[in-house]
Every structure is written in structure tokens, then in C-alpha cells.
> 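I have a structure I would like to understand better, so I am pasting it below and will then ask my questions one at a time.
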Amino acid sequence: MKIITWNINSVRKRLDLLKDLLEREKPDVICLQETKVQDADFPVSFFEEVGYGNVMFQGMKSYHGVAIASPQKLAPVAKKEIGPFMAPRFIAAKLENGVRVFNFYVPAGGDEPDPEINDKFRDKLDFMESMSTWSSDIKGPVKKSVLVGDLNVAPSEHDVWSHKQLLKIVSHTPVETEALAKVMASGNWLDAVREHFGEDDELYSWWSYRSRDWKNANKGRRLDHIWMGKDLKKSLSDVAILDDVRGWDTPSDHAPISAEFKL
DNA sequence: ATGGTTGGTTACCAA
């Protein structure tokens, strides 16, 4: 089972890149964030044409939006296993092999890392708090489950280009990394990317558009994640950050991440 | 300390 997660930054803007990615990587399931399209305008026929016609999506006009697509049938996840999340930031599906896929788009949080003066940052912390409650409620360790998405937090010092310079920058502040650690602990989740690469490699999945030479400057952050329940650890066979996709023509500012399981 | 770019929408907001 191969799963890819990608903040595509407008699905309609990047159908050609998505087609190339799916043809090259042939994932069993792809999870998208920031689709930026309301459900009535979601490009369903494109997904059917490229062989990913089993597609679930929850979006809104202009902002946010998530989707899960697969060549195989997708079933809804039981209601009791779904938290009270904002629809355009969360969607879940059950694959034919029984694996549940939870796809999140955590609020970015604005610029000012102070919940007292910045409502967006408050919303981000609240969202992660509700993720912790949800993880606890569905009882960890969650069996046959994968949690993926743009979590908008770079947890460790090796997930950012400069730990010191980013400690007060939203996405890497201690209050956020602690909140994300709590989510992880609440569900006994494992970070599949770190399980594969270890703790020491510098790993990034996002590079700002506001950098002329993003590749050489390499001022990246690892905001996109694939987590797994402990029961899947022994099945994890490969992980890749597909950073070449960040260099494609008119790219998203996020790279896709891929994980393979031999179930 | 500041500004840099992109997408959706159509004036700016969100990232």
C-alpha cells in the first residue's frame, strides 16, 4: 500500500502536475490539502480520467479544502471515529484492506504566535487540542490507521533550516511543537518519516514561494506528515519526500510525501 | 528589521 500526501495549493490550478505525479508514483491513495474549491466545482471528471475516480472531498470557496482519491473503493469511516473538525480541514476514508486514512489540514496560524492577540493562532492551538481529544477518544494505539496531512508544524530542530531563528516563528514555536507532541502521544502515533530516516537528517517538505532560489537557499520546513499506528511499524517499507516536484513548472510550495507499507 | 511570491478572487485575504 502506497500513500501520498500533498498540499497542492489549488487542485484546479495543478491538474497537470497531479496527473504526472499519479502516473509516476502510482499510489494506492492520495490525500490532498488546500484544494481551494467548493464541492460543487471539484474536478471529479479529472480524477475519473486518471484512474482515481473513487474520490471524497470536503471543501469551501477560496480557502482550505481536503480530498482523498484512490483507484480502489473508499468507504466512510465510522462516525464514532471522526472528531468534530471543520469540514474543509478534515476527511477520512477506509480502504479495501481495512486501513483507515485520516487526512488533516491544520490551520496555519497567521504571523503572530500569541493566542491573546491573534485569533488564527488561537484557532490553530484549539484545533490541535481537539485532535488530541479525538486521538484519545478513538483509543490508542489506533489499529490499521494512518494520519497524514499538512499539520503546519515542524516538530524537531532538524525539521527546519534554523531551529534558533524559527523558535518565535509560527510553525516552530514551543507551544505548537508541544501541542503536536501531545496529539502524537494521545493516539500513540508514530512519525513514519522519522521512523524511516531517523532523527538526525535535515528533512523539509515546504519551501516558501518568497525565495528566488529555494533549492540552493534551502530554507525549508517539514510541515507535512505521515503518521501510523504502532501496529503498522513493521510493515513500513519505504518513505520518500518527493522534493523534485517542488521544482516542477508552476509548483505548489509543498512537496508530496510518500510512504509504502507491505501489509 | 523587512520584504519577498503565489492563488482565489476581483479588494485584499490567506498562506
Side-chain angles (χ1 to χ4, degrees), chain A residues 5-21 31-44 46 57-67 85-91 103-115 117-128 148-155 159-162 164-173 175-177 179-180 204-225 241 243-257:
Chain A
T5 180
W6 189 23
N7 179 322
I8 196 169
N9 189 16
S10 171
V11 65
R12 289 178 295 177
K13 182 82 177 177
R14 267 174 263 289
L15 291 178
D16 52 341
L17 275 68
L18 181 56
K19 182 168 189 275
D20 290 348
L21 178 70
C31 296
L32 300 173
Q33 304 87 33
E34 279 211 90
T35 51
K36 290 187 172 178
V37 60
Q38 57 194 347
D39 293 350
D41 298 327
F42 193 89
V44 175
F46 163 85
F57 43 87
Q58 292 192 144
M60 60 179 279
K61 196 174 177 181
S62 299
Y63 309 118
H64 322 318
V66 288
F85 302 108
M86 265 181 68
R89 294 190 179 277
F90 172 76
I91 193 165
N103 177 17
F104 283 92
Y105 176 51
V106 174
D111 290 331
E112 191 58 53
D114 181 349
I117 60 172
N118 176 5
D119 290 343
K120 291 181 197 167
F121 195 72
R122 162 63 30 202
D123 289 346
K124 181 178 195 174
L125 297 180
D126 288 348
F127 192 95
M128 284 193 274
V148 310
D150 177 2
L151 305 184
N152 264 317
V153 178
D159 293 326
V160 291
W161 65 274
S162 168
K164 199 175 170 185
Q165 290 184 69
L166 287 171
L167 272 171
K168 292 180 178 173
I169 302 295
V170 171
S171 75
H172 194 60
T173 64
V175 64
E176 292 169 87
T177 55
L180 194 69
Y204 314 137
S205 66
W206 173 87
W207 295 261
S208 173
Y209 284 129
R210 301 173 187 176
S211 176
R212 281 267 161 235
D213 195 357
W214 69 273
K215 198 173 184 133
N216 279 319
N218 199 24
K219 292 184 172 181
R221 306 177 203 171
R222 190 169 70 100
L223 305 178
D224 303 273
H225 299 270
I241 298 179
D243 53 2
D244 65 309
V245 175
R246 179 62 179 81
W248 287 1
D249 190 36
T250 60
S252 167
D253 45 356
H254 294 253
I257 301 179

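Proteins come first, then strands; the chains are lettered A, B, ... in the order of their sequence lines, and each starts at number 1.
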> Within the pair A:R14 and B:dG7, is there a side-chain N or O less than 4.0 Å away from OP1 or OP2?
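Yes, A:R14 has a side-chain N/O under 4.0 Å of OP1/OP2 on B:dG7.
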> Go through the structure and list residues passing ring pair (Phe, Tyr, Trp, His ring centres under 6.0 Å) with A:F90, not counting sequence neighbours.
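For A:F90, the residues satisfying ring pair (Phe, Tyr, Trp, His ring centres under 6.0 Å) (neighbours in sequence not counted) are A:F85, A:F104.
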> Which whole-number value in Å describes the distance from A:Q165 CD to B:dT2 P?
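Going from CD in A:Q165 over to P in B:dT2 covers 16 Å.
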> Using purine N1 to pyrimidine N3 plus N6-O4 or O6-N4 for Watson-Crick, or N1-O2 and O6-N3 for G-U wobble, both under 3.5 Å, which nucleotide pairs with B:dG4?
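Check on B:dG4: unpaired, no WC or wobble geometry under 3.5 Å.
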> Tell me whether the NZ or CZ atom of A:R246 lies within the 45° cone about the ring axis of A:W214 and under 6.0 Å from its centre.
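Here A:R246 passes the 6.0 Å and 45° test against A:W214.
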> If every non-hydrogen atom of A:T173 is compared with every non-hydrogen atom of A:E176, which pair is closest and at what distance?
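Shortest heavy-atom contact: OG1-OE2, 2.6 Å.
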> Could you state the atom-to-atom distance from CH2 of A:W206 to P of B:dT5 in whole Å?
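Atom-to-atom, A:W206 to B:dT5, this comes out as 14 Å.
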> Taking the side chain as every heavy atom from C-beta outward, state whether A:V245 and A:L21 have any pair of such atoms under 4.5 Å apart.
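A:V245 reaches A:L21 side chain to side chain.
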> Among B:dA14, B:dG7, B:dT5, which nucleotide has an atom closest to any side-chain atom of A:R210?
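Among the listed nucleotides, the one closest to the side chain of A:R210 is B:dT5.
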> Mind calculating the distance between NZ (A:K124) and P (B:dA14) to the nearest angstrom?
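Going from A:K124 (NZ) to B:dA14 (P), I get 15 Å.
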> Distance check, P atoms only: B:dA14 and B:dT10, in whole angstrom units.
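Those two atoms are separated by 14 Å.
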> From the list B:dG7, B:dG4, B:dA14, which nucleotide is the closest neighbour of the side chain of A:K13?
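Per side-chain heavy atoms of A:K13, the pick is B:dG7.
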> Among B:dA15, B:dT6, B:dC13, which nucleotide sits nearest the side chain of A:E34?
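Closest nucleotide among those given: B:dA15.
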> Between P on B:dA15 and CD1 on A:I169, what's the gap in Å once rounded to a whole number?
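Rounded to the whole Å, the gap is 16 Å.
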> Rounded to the nearest Å, what distance is computed from the CG atom of residue A:N118 to the P atom of nucleotide B:dA14?
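Taking atom P of B:dA14 as the reference, CG of A:N118 is at 10 Å.
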> Can you tell me how far C1' in B:dA15 sits from the matching atom in B:dG3, rounded to whole Å?
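Comparing C1' positions in B:dA15 and B:dG3 gives a spacing of 15 Å.
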> Are A:H64 and B:dA15 close enough that a side-chain N or O sits under 4.0 Å from OP1 or OP2?
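For B:dA15, OP1/OP2 do have a side-chain N/O of A:H64 under 4.0 Å.
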> Can you tell which of B:dT5, B:dC13, B:dA15 lies closest to the side chain of A:A108?
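Of B:dT5, B:dC13, B:dA15, B:dA15 is nearest to the side chain of A:A108.
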> Is there a side-chain polar atom (N or O) of A:R212 under 4.0 Å from OP1 or OP2 of B:dT5?
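Yes, within the criterion.
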> Do you know which of A:S205, A:S162, A:S171 makes side-chain hydrogen bond (donor to acceptor under 3.5 Å, both in side chains) with A:R221?
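Among A:S205, A:S162, A:S171, the one that satisfies the side-chain hydrogen bond (donor to acceptor under 3.5 Å, both in side chains) with A:R221 is A:S171.
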> Write down the distance between CG (A:N7) and P (B:dG7), rounded to a whole number of angstrom.
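Answer to the nearest Å: 12 Å.
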> Under 4.0 Å, counting only non-hydrogen atoms across every strand here, what does A:R89 touch: a base, just sugar-phosphate, or nothing?
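The residue A:R89 makes sugar-phosphate contact but no base contact.
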> Both A:K120 and A:P251 contact DNA chain B. Which one's nearest nucleotide lies toward the 5' end?
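Result: A:P251.
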> Without decimals, in angstroms, what is the distance between A:L17 CG and B:dT6 C1'?
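To the nearest whole Å, that distance equals 14 Å.
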> Could you tell me how far apart A:Y209 (OH) and B:dC13 (P) are, to the nearest whole angstrom?
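Taking OH of A:Y209 and P of B:dC13, I get 20 Å after rounding.
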